[in-house]
Amino acid sequence: VMAELARASYETDVNKAINLALKATALAKNEKEKGIVAFCYGSMGHLLMRKGQEKRAAGYIDSAMRFAEQSDNPLYAGYAWLRKGWFHLNQNDNEMAMAAFITADKLLKGVSNRKSLSYRTLINHYAASIYAYGSDTLKQHKYALATLQLSKQGQFPDDVQMGCMSLAH
């Protein structure tokens, strides 16, 4: 919960969000399920990229992947792969990003809850953005439609807005 709060609060105070995520990571290391640690490391990687600390972010993303491999929870492992894809997307490495997004989506398809649908919405939004601006309009449309469909299933207002935005892009 603390890592989710950190993720949600980065826009108002990234330093506070990073401190929360660090505390969450320390607490998660005591948990048996290693996916919780993977989630925390993935969240830290996201926050550090937002702060412009790419090298530190890369280390946290790598750690997220190590713990995701030890996890029995596809939701947490899928989130780690989502963050790995997002990291590569921000480095303009679209092939690596898509490979990570496909892996994340496969993991998350086996989970039937709103969080999984939200993560899959985000994955498809990012995938649609890779193919936007004429590079492959058929793939862009395919991923944009998936974004909207998943967002409607999950029913989070921000995701539905993202789905509409992806389709309108």
Side-chain angles (χ1 to χ4, degrees), residues 3-22 24-25 28 35 37-69 71 74-108 115-137 139-144 146-148 150-151 154 156 158-159 161-169:
E4 287 180 355
L5 179 60
R7 222 171 40 95
S9 64
Y10 79 88
E11 289 182 6
T12 56
D13 188 345
V14 71
N15 292 323
K16 182 178 178 179
I18 288 171
N19 287 335
L20 278 171
L22 285 170
T25 303
V37 184
F39 179 88
C40 292
Y41 275 117
S43 295
M44 272 298 295
H46 176 247
L47 294 170
L48 290 168
M49 278 295 284
R50 291 289 185 176
K51 193 171 179 185
Q53 296 181 10
E54 189 172 322
K55 285 187 179 186
R56 281 185 71 202
Y60 277 92
I61 297 295
D62 288 344
S63 294
M65 297 311 300
R66 276 196 313 277
F67 282 100
E69 289 173 9
S71 176
L75 180 70
Y76 294 128
Y79 178 80
W81 278 99
L82 161 62
R83 284 295 155 218
K84 181 178 179 69
W86 179 82
F87 180 80
H88 287 299
L89 181 63
N90 278 275
Q91 293 183 311
N92 293 316
D93 189 344
N94 292 343
E95 285 185 33
M96 292 292 288
M98 281 305 298
F101 291 148
I102 289 167
T103 301
D105 194 58
K106 285 180 185 175
L107 287 164
L108 294 166
K115 244 182 223 182
S116 171
L117 290 168
S118 182
Y119 297 158
R120 291 182 65 211
T121 297
L122 194 54
I123 289 165
N124 282 279
H125 169 72
Y126 291 147
S129 75
I130 288 172
Y131 297 111
Y133 307 110
S135 71
D136 190 329
T137 54
K139 285 184 180 176
Q140 189 276 336
H141 188 71
K142 170 188 153 185
Y143 287 111
T147 303
L148 183 60
L150 290 163
S151 71
F156 288 116
D158 287 348
D159 289 349
Q161 187 260 343
M162 185 187 320
C164 292
M165 183 178 73
S166 295
L167 198 57
H169 214 181

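Fair warning: this is a prediction, and the values are worked out from it, not measured in the lab.
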Taking only residues two or more places apart in sequence, or in another chain, which ones meet Ala144 in a side chain to side chain contact (heavy atoms under 4.5 Å, CB included)? Ala128, Gln140, Ser166, Leu167
Pairwise side-chain contact, Ile123 with Leu108, heavy-atom cut-off 4.5 Å (strictly under): yes
Looking only at heavy atoms, what is the nearest atom pair of Gly45 and Tyr60, with distance? N-CB, 3.7 Å
Going from CE on Met162 to CG on Leu150, what distance comes out if it is rounded to the nearest 0.5 angstrom? 11.0 Å
Tell me the closest heavy-atom pair linking Ala97 and His88, and the distance in Å. N-CB, 3.6 Å
Once side-chain hydrogen bond (donor to acceptor under 3.5 Å, both in side chains) is applied, do any residues pair with Glu54, and if so which ones, sequence neighbours excluded? Gln91
In terms of heavy-atom contacts, Arg83 and Gly42 come closest through CG-O, 3.6 Å
For Ala146, all residues meeting side chain to side chain contact (heavy atoms under 4.5 Å, CB included), sequence neighbours excluded: Asn124
To the nearest 0.5 Å, how far apart are CG in Leu22 and CG in Leu47? 9.0 Å
Using 0.5 Å steps for rounding, measure from the OG1 atom of Thr121 to the NE2 atom of His125. 10.5 Å
What's the separation between atom CZ in Phe156 and atom CG in Leu122, rounded to the nearest 0.5 Å? 12.5 Å
Using side-chain contact (heavy atoms from CB on, under 4.5 Å), reason through Met98 and Tyr131 one step at a time and then give a plain yes or no. CA-CA 11 Å; Met98 281 305 298; Tyr131 297 111; 3.8 Å; yes
With rounding to the nearest 0.5 angstrom, report the CD1 to CG distance, Ile61 to Leu48. 9.0 Å
Please enumerate all residues that pass side-chain hydrogen bond (donor to acceptor under 3.5 Å, both in side chains) together with Ser71, with sequence neighbours excluded. Glu33
The single option from Asp159, Thr147, Asp105 passing side chain to side chain donor-acceptor pair (under 3.5 Å) against Arg120: Asp105
When every non-hydrogen atom of Ser151 is compared with those of Leu148, the smallest separation belongs to OG-O, 2.7 Å
Quick one: do Thr137 and His141 satisfy side-chain contact (heavy atoms from CB on, under 4.5 Å)? Show the steps, please. CA-CA 6 Å; Thr137 54; His141 188 71; over 6 Å; no
Quick one: side-chain hydrogen bond (donor to acceptor under 3.5 Å, both in side chains) partners of Tyr41, sequence neighbours excluded? Lys29
Tell me the closest heavy-atom pair linking Leu89 and Ser129, and the distance in Å. CD2-OG, 4.2 Å
With Tyr126 via side-chain hydrogen bond (donor to acceptor under 3.5 Å, both in side chains) - residues at least two apart: Trp86
I'd like to know whether Asn15 forms a side-chain contact (heavy atoms from CB on, under 4.5 Å) with Lys51, so could you lay out the CA-CA distance, the side-chain angles of the two residues, the decisive distance to 0.1 Å, and finally the verdict. CA-CA 9 Å; Asn15 292 323; Lys51 193 171 179 185; 2.5 Å; yes
side-chain contact (heavy atoms from CB on, under 4.5 Å) between Ser135 and Asn94: does it pass, once the steps are laid out? CA-CA 12 Å; Ser135 71; Asn94 292 343; over 6 Å; no
Between Ala38 and Ala68, what is the shortest heavy-atom contact and its length? CB-N, 3.6 Å
Any Phe87 side-chain heavy atom under 4.5 Å of His46 side chain: no
For the pair Tyr79 and Tyr119, name the ring-plane relationship: parallel under 30°, tilted 30 to 60°, perpendicular over 60°. tilted
Just verifying a value: how many Å separate Cys164 SG and Gln161 CD, rounded to the nearest 0.5 Å? 7.5 Å
